[in-house]
Amino acid sequence: MQTTYTKEELRAALAPLRGKRMVLVPTMGALHEGHASLLRQARQLAGAEGCVVATIFLNPVQFDNAGDLATYPRTPMQDLEICDKCGADVVFMPSSDAMYCADRSITMEETHLSSVLCGASRPGHFAGVCLVVNKLFNLVQPTDAVFGKKDYQQLAIIRRMVRDLDIPVTIHGAEIVRDEDGLALSSRNVRLTTEHRAAAPEIRRCLLAAREAYASGAECAMVCASVRESLENIPGVRCDYVELVDAETLHAVTDTHRLALLAVAAWFGDVRLIDNIELSRS
Ligand code: AMP
């Protein structure tokens with residue numbers, strides 16, 4: 001595995017690999033089993049002939065909260081080990097200065113899917129995501145890229161960006177990896193207090209109960225209210241949003257025959273956790 005820190009080093013590492021299938025896995029580091037599953041999926045897609053490129057970049061442009069950026073866990077040495085173990089060929093780990101020019105002045109705004117869910121409570125977040133992912137696509141020029149369904153809205157927005165800008169890359173969505181107790185793995189989980197870590201699997205229990213309720217015909221508003229009530233019963237927990245939306249448009253469900261998405265963001269103390277579940281009515 002080759003580790004690169006500048007755009008020049010990355011380009012030089014990728015030059016001999018051009019023309020092969022090249023699968024990109026963008027991450028912000030503090031890697032866990034969820035990231036590892038994306039890397040393994042990328043390795044499978046690339047096959048023995050192709051190449052897997054992992055990027056580890058804590059993108060400041062997508063943080064709407066300075067405290068969150070300052071306290072975001074950083075484990076670069078462990079991250080490189082995981083990338084190596086999961087079969088990455090090249091890792092790109094730039095500093096912020098290596099990635100962005102100080103006087104950068106181009107933004108990338110998605111205007112429909114970004115107006116709801118996390119986009120509504122984190123202004124500028126998805127513009128920052130689109131900017132960095134677009135830059136990574138241009139630098140790496142991958143044939144494929146893998147993103148997790150844990151960040152379902154991000155995946156939908158990236159699919160939209162690729163479609164609307166005709167970016168020649170195939171996007172793959174990877175299933176959410178969870179701890180044994182059901183909590184979706186997240187780099188932020190290490191920041192939970194012992195009490196909140198013990199209570200956090202309640203999110204998954206609520207989502208599973210909601211899936212049953214929706215399948216048996218419960219009203220969207222009732223499903224959401226019940227999840228919100230259960231979570232806000234936990235001391236120190238406040239829901240940012242609990243919304244049941246169309247899984248593709250991310251806006252209100254208008255046709256219950258289509259796949260729906262129940263998405264939750266909740267503050268457990270000062271740690272914001274997100275999770276989601278796809279719902280359908282047969
Ligand atoms: P992040 O480092 O949080 O930006 O995440 C990098 C990629 O890993 C994104 O595509 C995430 O959706 C994905 N990811 C993060 N956590 C998980 C998880 N628990 N299961 C599956 N994918 C995940």
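Under a 3.5 Å cut-off, the side chain of Ser230 and the backbone N or O of Cys206 do not form any donor-acceptor pair. Checked by atom type and distance alone, the side chain of Glu110 pairs as donor or acceptor with a backbone atom of Leu113 at under 3.5 Å. Proximity of a side-chain donor or acceptor of Asp89 to a complementary backbone N or O of Val52 within less than 3.5 Å is detected. In terms of modelled atom types and a separation under 3.5 Å, the side chain of Gln153 and the main chain of Cys118 share a donor-acceptor contact. A donor-acceptor contact shorter than 3.5 Å is absent between the side chain of Gln78 and the backbone of Ala30. A donor-acceptor pair under 3.5 Å is formed between the side chain of Arg43 and the backbone N or O of Gly47. In terms of modelled atom types and a separation under 3.5 Å, the side chain of Arg159 and the main chain of Ile171 share a donor-acceptor contact. Of the possible polar contacts, none joining the Gln41 side chain to the Ser37 backbone as a donor-acceptor pair under 3.5 Å is found. Of the possible donor and acceptor atoms, one in the side chain of His251 sits under 3.5 Å from a partner among the backbone N and O of Thr249. Thr27 contributes a side-chain N or O that, together with a main-chain N or O of Gly29, makes up a donor-acceptor pair within less than 3.5 Å.
Rounding to the nearest 0.5 Å places CG of Leu10 at 11.5 Å from OG1 of Thr3. Taken from CE in Met22 to CG in Leu45, the straight-line distance is 14.0 Å, to the nearest 0.5 Å. Here the CZ atom belonging to Arg122 is positioned 4.5 Å from the CG atom belonging to Asp64, to the nearest 0.5 angstrom. Here the CZ-CG distance, from Phe147 to Leu155, works out to 8.0 Å after rounding to the nearest 0.5 Å. For the atom pair CD (Glu202) and CG (Leu231), the distance works out to 6.0 Å, reported to the nearest 0.5 Å. In this structure, the separation between OG1 on Thr111 and CG on Asp164 is 8.5 Å, given to the nearest 0.5 Å.
Phe268 and Ala200 get closest at one heavy-atom pair: CE2-CA, 3.6 Å. Taking all atoms of both residues into account, the shortest heavy-atom contact from Ala184 to Asn189 is O-ND2, 3.1 Å. The two atoms that bring Leu80 and Met1 nearest to each other are O-CE, 3.4 Å, heavy atoms only. When all heavy atoms of Ala263 and Asn276 are compared, the closest pair comes out as CA-CB, 4.0 Å. Between Leu38 and Ala174 the shortest heavy-atom distance is CD1-CB, 3.5 Å. Between Pro26 and Thr55, the closest heavy-atom pair is CA-OG1, 3.2 Å.
Inter-residue side-chain proximity for Arg40 and Gln44 is flagged as unmet; no heavy-atom pair is nearer than 4.5 Å. Between Leu207 and Asp275, some side-chain heavy-atom pair lies under the 4.5 Å cut-off. Using a 4.5 Å cut-off on side-chain heavy atoms (C-beta onward), Glu278 and Lys149 make contact. Residues Val253 and Asp255 form no side-chain contact, since every pair of their non-hydrogen atoms from C-beta on lies 4.5 Å or further apart. Within the 4.5 Å cutoff, side-chain heavy atoms of Pro142 are placed close to those of Phe137. Residues Leu261 and Ile277 are not in side-chain contact: their nearest non-hydrogen atoms beyond the backbone lie 4.5 Å or more apart. Thr75 has its side chain out of reach of Leu31: every pair of non-hydrogen atoms, C-beta onward, lies at least 4.5 Å apart. Contact check for Cys220 versus Tyr214: side-chain heavy atoms found under the 4.5 Å cut-off.
Side-chain atoms of Asn59 and Tyr100 form a donor-acceptor pair, as typed in the model, at a separation below 3.5 Å. In summary, the side chains of Asp144 and His172 do present a donor paired with an acceptor at a separation below 3.5 Å, with no hydrogens or angles considered.
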- [ ] Show your working on side-chain contact (heavy atoms from CB on, under 4.5 Å) between Arg188 and Arg272 and close with a plain yes or no.
- [x] CA-CA 8 Å; Arg188 292 183 177 89; Arg272 187 173 176 278; 5.6 Å; no

- [ ] Start with the C-alpha gap between Met93 and Phe57, add the side-chain angles, then the distance that decides, and say whether side-chain contact (heavy atoms from CB on, under 4.5 Å) holds.
- [x] CA-CA 6 Å; Met93 209 179 196; Phe57 178 56; over 6 Å; no

TODO: Verify side-chain contact (heavy atoms from CB on, under 4.5 Å) between Ser186 and Lys150, making sure each step is shown before the conclusion.
DONE: CA-CA 9 Å; Ser186 162; Lys150 161 91 180 355; 3.8 Å; yes

- [ ] Take Leu250 and Ser115, measure what side-chain contact (heavy atoms from CB on, under 4.5 Å) needs, and give me the verdict at the end.
- [x] CA-CA 9 Å; Leu250 303 186; Ser115 62; over 6 Å; no

Task: Pair Asp270-Arg191, salt bridge (Lys or Arg N to Asp or Glu O under 4.0 Å): steps then yes or no - done: CA-CA 9 Å; Asp270 64 354; Arg191 295 192 46 237; 3.6 Å; yes

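Note on Leu131: it clusters hydrophobically with Val162, by side-chain heavy-atom contacts below 4.5 Å among ILVMFWY residues. Following chains of ILVMFWY side-chain contacts shorter than 4.5 Å, one cannot reach Met99 starting from Leu69, and the two form parts of different hydrophobic clusters. Follow the hydrophobic side-chain contacts under 4.5 Å out from Val140 and you never reach Val23; the two are in separate clusters. The hydrophobic cluster containing Met222 does not contain Leu262, counting ILVMFWY residues as joined when their side-chain heavy atoms lie under 4.5 angstrom apart, directly or transitively. Val116 and Val242 fall into different hydrophobic clusters, where Ile, Leu, Val, Met, Phe, Trp and Tyr residues are linked whenever their side-chain heavy atoms come under 4.5 Å apart, directly or through other members.
Of the options Arg197, His32, Arg204, a side-chain hydrogen bond (donor to acceptor under 3.5 Å, both in side chains) to Asp179 is made by Arg197 and by none of the others.
Counting heavy atoms of neighbouring residues, nucleotides and ligands inside a 6.0 Å radius, atom CD of Glu229 does not exceed 12 of them. Other residues, nucleotides and ligands contribute only 12 or fewer heavy atoms inside 6.0 Å of the CD atom of Glu248.
The six-membered or imidazole ring of Phe63 lies near that of Tyr72, with a centre-to-centre distance under 6.0 Å.
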